[in-house]
Each structure stands twice: as C-alpha cells, then as structure tokens.
Amino acid sequence: MPAIPVPTSIDQTAKLLRQGGYVADRALATSLYLALAMKRPLFLEGEAGVGKTEIAKVLSVTLGRDLIRLQCYEGLDVSSAVYEWNYPRQIMAIRLAEASGKTTDAAQTIYSEQYLIKRPLLQALEIHQSGPPVLLIDELDRTDEPFEAFLLEVLSDFQVTIPELGTVKAAEPPIVIITSNRTREIHDALKRRCLYHWVDYPNAERERAILAAKAPDVGDKLGQQVVSFVQMLRGLELFKPPGIAETIDWAQALKTLNARELDPGTVDATLGVVLKYQDDIARVRGEVAAKGITTAKKAAAG
Amino acid sequence: MPTSSLPNNVMHFARVLRRAGLPIGPGKVIAALQALPLINITNKDDVYWTLHSVFVDRHAHSEMFRLAFAQYWRAQDDAPNELSLIDQAQKQRGKQDLKTMPRRIAEAFANAIGQQSKDEDQSRDQDVPETVASWSAAEKLRSQDFETMSAEEMAEAKRLMAALRLPIPRVNTRRFASSSHGTRIDVRASLRASLATGDLVYLKRRARTQRHPPLVVLCDISGSMAAYARMLLHFLHAITNDRDRVHVFLFGTRLTNVTRELAHRDPDVALARVGRSVQDWSGGTRIGQALGQFNHLWSRRVLGQGAVTLLITDGLDRDAGEGLAAETRRLQRSCRRLIWLNPLLRYAGFEPKSAGIRAMLPHVDEFRPVHNLDSLAALIAALSEVSAARREFAAVAA
C-alpha cells in the first residue's frame, strides 16, 4: 500500500485535521504543516485536556500511518523505551547449545535480532509499509532529565545504537509529536530541535464546533449553554480551569441526565465533571454558578 | 515582501527578538529561512505563525513576539518597497510608536538600530534574563544593589554549603545503577559477564539510585526582611548552583521567578541580575497574594515532581492574613513537604500573634524558627538541624 502523502499547504493541513474530526485553528495548522514539511518534531505544550494527544491520533488515522505511542513516566529507561534483550530466550539458547555441545556458536547468535525486544522508539525507526509512522511521545514532562537527554540524541539523528548489534537508522524519519502538560520545563536543547506550539483553550466559536464534532447527540441549545458556561469558568482564575475534554464530558453527562438546558440544581450536582479541585467547586457552586447560567442562557439565545 | 531582502529581514527581526529577551540562536534563524519558502508569505497570518513556531519556545514569550511582530510589520506596511524593514523602523523612531510600546520592545528596536553598524557579537554578552510578563513600564519600583562578594566570603560560602543538610531525605528514583550490594539482579550485566567467563553463576546486582527531590524556595524580600536579603540571596545562589532542580521565587508585593538569574556561576553577576529583575525590594508584603499567584501560575509547573517547598518569610503581612490560610493550604497539598523558615522568632517566649503567622502555621509541615539569622552559617545550621519542633507551633496557633 503506497503511503498517503503529507499535506502540501496550510489549508490542506487544516482540511486533513477537519476530516479527522479535529477542529484546529490556523496557528496550529501552520505549525503542524511546517513540522511535516520540514520533517521536524512538533512540540505541543498546553494545559491538560486541550487536545494535544488527539492531534497525533487524528494524524495517524487521516494519513493512514501506524501510531506508535510512548507514554512517559518517571524512570523511563532504554529497556522500556528503545529495546531490551530477551534474557530468558538467551539463557535458553545457551543451555541448548551447551547440551548439544555447540557453545562457540551461541556467543555470536544470542545477540542477534531474534533475541531483541523492540520498544516504541526502535519500532518508530523501522520501515513501515504505510510510510513513516506517527511517533507520539506523550507527556514528556513526566519523565526525568536523563531520558530527555537520551531523546535529544534520537530526535536529532533518528538513530539508536545497540552496543551488541550496531546502529539502527531510520530510512525516513517518523512524524514526531511530543506533548507536555508543563508540570516542569523541558530543557531548551530539546525544544530547540522542535517546532513549538502552545495549545490554548479554544474560543467559544471553536469550542462549539469541537463539541458538535465530538458529541453530536447533545442538543444545540444545551451545547451552546455548556460552552458559554465553561468559557465563563475559564475567566475565573480557578486553580485548574476546565479543558475541552471536560466540556465534552460535561455535555455528555448532562445529556445522560436528559437535561435540555442548564438549571442550577443539575449544574451544582454535576460540577465535579468540570472542576476537579474541591476549592474550585466550592467557589463556583451556588451564586457564581447561578449567575453563569443566566449569562449562558442569554448568550445562547442571543 | 521582496524575496531578496527576506534573509535580511528575518535576521534583523531575530535580532530585535533577541534583544527583547527571546533566546534565539543562529540555528533558529536558519530554520525560519527554511520554513518561510514553504508557505505563502503574502499572507501575514501565516508568516506570523510560521515565525512564531520557529522563534518562540515558551508560552511566556508569545506576547513579546506578538508585540515585536506587530511593530515590525507596521514599518513594512507604511512603505511597502524593497527597503529593509529595520530602516523603516528607524524612520519611525521618535514618533509616538516607541513611546506607547512596552519598554523592552522599544529598547530592542532602538538597540538593534543603534548596534547595526557596531560589532554585532556584543549582543551575545548581553544575555537578557528570561522574564515573565515583567515588561510593564507603568510601575516605578525600587531596584537593589548589592555589595560584591570577596573571594574569602565566596570560599567560606562554598565550605558552608558543603555542610548543608536540608531536612529533606533523598528519595528513591525508579532508576537502577549497578551496585555490589544491590537487591536486584542485573540480568543484562550478568549475562555479558558470564559470556566472558563461560559460566552462568556469576551474578551482577543493581540497586535503586537516590537523588534530592526538587527544591522550590519562596523567599520574602519585603522591608521587614531587608536586613537578610543579601545573605539569603547568597544562600539561594549557592544552593541553586550546588544541585539541580532548584527553583527560586522572590516576593514582596509581587512574585518574581529568579531561577535563571541565580543560575549564573558568579555570585556577583547573579545578584546584580536579580537586583535588576526584581522590582519590589523592601516594600510591603502581600504573602497571601504572592502565594496565590504562585499556586495559580507556577505550582503545577515546578511542584510536579514531588518537590519540597521552602518558604522563607517572617509572616508579617500587609493584608493581615487575608486569603493566606487557603493559599498556604493549597500550597501544602501541592508539594511533598512545606518547610517554613522564620527569622523573626528570635525569642524563646515568642507567641504567634500576627494574623499572617496564625493563618499560615496550621498548614506547614515543618516550622524552623531561626534565633539569630545574621550569617550564612546560622542559616545553614538552622536548616540542617534535626527536626524536633515539627508542628509544635501549630497547636499554639489553633
């Protein structure tokens, strides 16, 4: 199967994302197009729940590429990110060789590819039938600095060295999407190799479009009120303002409760879907929520 | 935009941004020149976001970029011929534009123009510190000069830092390193070792590595703490350079992140930079507001990896503790451990009467009164002391 070619303009990129049900603004489409055209990693930073990971998923679906995901966590090391030798099989091979008296061969063969377990980064460097895969390095801020330093090497040359086997180099670099929730700053050296984009909360218009695409069964009226209410919450300087994921969840929750529009009782009861900190909920519940509902209804009607 | 002058314009624009404090090296300029031919450069928005994705790599710089871009483009719109944009900007100099611009952008333009004919490498020395939205020229506040540090003092500080033992145990990481007394078997190393000897019983071991948790310091620099400012900053400089993952914030009436400034190896240079970038020296204190700002803007960015927070303040608050309890509680919940170092408590019979102190005490994990905070040695001794009085004062305040 020949690879679906990457888009050749910003408009095409935006169209491609729209096809995949992702409503992107011009800024994001530009960054993504450049990353594809210049074959550079795209570094997406933003609050949790604004749709960073989704971009990689949509890209892999619309371009028909394999999605290889590396979820980062503290202590992530080479053996779980790049490769590991299959020790039980190696030991077995040695025992068998000993039993049959061919020990000299074993030393050479146990460090061959059939004893290698390939982890995401190594998989991404291999040749894929459908073209270079999409490599999603998710929540890079969760890992620690040593891994970041290692990644630097992989992302600049798209090659890894396995001491016992040699160097593996990608014939064509994968499409790399890196996301970070900014729970710590990523080192400048790594950012320098990437194109950077800050994924912000969407404006009301775009959020309505996203909601319509992601939760089409939520009524128009309810959807508009939900978006308007969430937009109001984001202006409140809460400890954790709700992301788009929360907007969608909340709209679906209200739909499940058969709500047609916002009312104070239901909003107070379901605030936990939108706000995840008790301080924030306590602040919004009651008066602020009631005021927000009135404004939201007005905005939706007008 | 005529293509012939494009590289020139990008280069000048990069220089303007660099002077405004964005870290832009030649690599980024080259990347920008590779990117621009890929798009339709007659579309201003596309050019904007293209340059943005190449030149900007932290969110805080976006606003600076926007202003610089707007200014640069305006010069272009006024005279759309093949003259270099920077010349246009120069013609506009002195007009109302520069006055209404934020000072750093104005200075960046002025400097870029003035420097054009001079030796261009000088710009590298002027390593403009990173700032977070601190370019408003509106507030006239005090800056601070510090006496320089003598070589003797520096040697002494180094010696003292070596003795510092913060009451923070090292934490296990999820990484392993080979160790002869390790608890786990290192299969890979064992296998390789046995291949060399031809024997499989030779087991290698590995153990978890340990490291310091990240340290976040919030230090009060208001009037009542002024006497300690220089000493505290020397301490903060020493600790920033002593270990990795240290973040330092100073606050009086506003909060400033001075981590980058303090990272300079030379304490005098570092302190001079801090003196310049912090604008509320020896003023009032709004602890609640400062902590609120920290919680809102920074806590998720710097406390994420299980950080220990060291709060250095006398607890005397201009807002009489308003909102302080809630913000302190929020802070305590966001970090591994909240340690409060209070230099005010010199006397054994001290009772926490101030509203600020009463509001904060119940929410700190550890309380370190310092009886005589007049030297680095005293400070380090106070911090290294084995914890005994934990939460003792909490009961008094409640």
Side-chain angles (χ1 to χ4, degrees), chain A residues 8-10 25-35 37-38 40 42-43 45-48 73-77 79 84-85 87-88 90-91 94-95 103 106-107 110-111 141-142 144-146 164 181-186 188 191-198 200 237-240 277 279, chain B residues 23 25 27-28 31 34-36 38-40 43 45-50 52-62 172-176 187-188 190-192 194-196 198 200 208-209 211 214 244-245 247 259 292 295-296 299-307 326-327 329-330 333-334:
Chain A
T8 53
S9 73
I10 300 170
D25 56 7
R26 185 83 183 171
L28 175 59
T30 308
S31 300
L32 183 59
Y33 162 64
L34 287 173
M38 294 166 78
R40 283 212 186 194
L42 179 60
F43 187 91
E45 206 169 42
E47 301 293 337
Y73 54 84
E74 204 196 322
L76 180 64
D77 57 5
S79 64
E84 190 168 28
W85 289 105
Y87 308 117
Q90 284 180 326
I91 292 170
I94 294 173
R95 297 291 301 161
T103 30
I110 63 162
Y111 286 117
D141 50 335
R142 281 179 184 273
D144 42 15
E145 292 83 356
E164 297 90 345
N181 285 332
R182 210 167 60 156
T183 59
R184 69 180 174 86
E185 295 293 349
I186 303 300
D188 293 345
K191 283 181 167 180
R192 197 175 63 74
R193 283 167 174 76
C194 308
L195 294 173
Y196 175 85
H197 185 74
W198 172 261
D200 216 338
E237 296 222 337
L238 297 169
F239 186 65
K240 171 70 182 88
Y277 283 87
D279 304 1
Chain B
K28 281 190 177 175
Q34 286 168 347
L36 284 173
L38 297 171
I39 60 154
N40 174 8
N43 183 333
D45 269 359
D46 289 356
V47 173
Y48 180 91
W49 287 112
T50 300
H52 185 278
S53 65
V54 175
F55 283 148
V56 176
D57 59 13
R58 52 187 66 218
H59 185 43
H61 291 153
S62 281
N172 275 336
T173 66
R174 290 176 50 106
R175 281 185 196 288
F176 290 87
V187 189
R188 182 170 184 169
S190 306
L191 206 57
R192 291 195 67 152
S194 15
L195 274 185
L200 243 175
R208 278 188 193 281
T209 53
R211 69 188 303 200
D244 58 350
R245 304 198 292 172
H247 298 271
T259 311
N295 284 335
H296 190 64
S299 73
R300 261 195 301 273
R301 291 164 69 182
V302 297
L303 298 179
Q305 319 269 304
E327 297 297 353
R329 195 170 57 231
R330 173 82 268 153
R333 287 193 183 142
S334 311

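Residue numbers begin at 1 in each chain, while the letters A, B, ... track the order of the sequences. Computation of the quantities below employed the complete heavy-atom set of this structure, encompassing side-chain atoms and omitting hydrogens, waters and symmetry-equivalent molecules.
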I need the minimum non-hydrogen distance between [X] and [Y], along with the two atoms involved.
{"X": "P23(B)", "Y": "K28(B)", "answer": "O-NZ, 3.4 Å"}
{"X": "S9(A)", "Y": "Y33(A)", "answer": "N-CE1, 3.5 Å"}
{"X": "M38(A)", "Y": "A35(B)", "answer": "SD-CB, 3.6 Å"}

Of the backbone (N, CA, C, O) and the side chain (C-beta and beyond), which part of [X] lies under 4.5 Å from a heavy atom of chain A, both, or neither?
{"X": "A31(B)", "value": "both"}
{"X": "S62(B)", "value": "neither"}
{"X": "V302(B)", "value": "backbone"}
{"X": "R245(B)", "value": "side chain"}
{"X": "S334(B)", "value": "side chain"}
{"X": "N40(B)", "value": "neither"}

Practice task
Could you list the residues that satisfy salt bridge (Lys or Arg N to Asp or Glu O under 4.0 Å) with R333(B), not counting sequence neighbours?
Solution key: none

Exercise for the section: Could you tell me which of V54(B), L303(B), T173(B), V56(B) has the largest number of non-hydrogen atom pairs under 4.5 Å with chain A? Expected result: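 Highest number of pairs under 4.5 Å: V56(B).
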
Practice task
Just give me the residue among R192(B), R188(B), Q34(B) that pairs up with chain A most often, heavy atom to heavy atom, under 4.5 Å.
Solution key: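 So the answer, after comparing R192(B), R188(B), Q34(B), is R188(B).
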
Exercise for the section: Look only at the side chain of Y196(A) and the backbone of H59(B), and say whether a donor-acceptor pair between them is shorter than 3.5 Å. Expected result: yes

Practice task
Mark yes or no: R192(A) above the aromatic ring of F43(A), with NZ or CZ under 6.0 Å from the six-membered ring centre and no more than 45 degrees from the axis.
Solution key: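 No, R192(A) does not sit over the ring of F43(A).
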
Which of [options] touches chain B most, by non-hydrogen pairs under 4.5 Å:
{"options": "E145(A), E84(A), R142(A)", "answer": "E145(A)"}
{"options": "D188(A), L42(A), D141(A)", "answer": "D188(A)"}
{"options": "R40(A), E74(A), K191(A)", "answer": "K191(A)"}
{"options": "L76(A), N181(A), T8(A), I186(A)", "answer": "L76(A)"}

Fill in the blank from the handout: Only one of L34(A), T30(A), L32(A) passes side-chain contact (heavy atoms from CB on, under 4.5 Å) with I10(A), and that residue is T30(A)

Problem - Salt-bridge criterion met for R329(B) and D279(A) (N-O under 4.0 Å) - result: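 Not counted as a salt bridge, because no side-chain N and carboxylate O are separated by less than 4.0 Å.
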
Handout entry: Engaged part of Q90(A) at the chain B interface, taking heavy atoms whose separation is under 4.5 Å
Key = side chain

Exercise for the section: Determine the interplanar angle of the F239(A) and Y277(A) rings, folded into 0 to 90°, and report it as parallel if under 30°, tilted if 30 to 60°, perpendicular if over 60°. Expected result: perpendicular

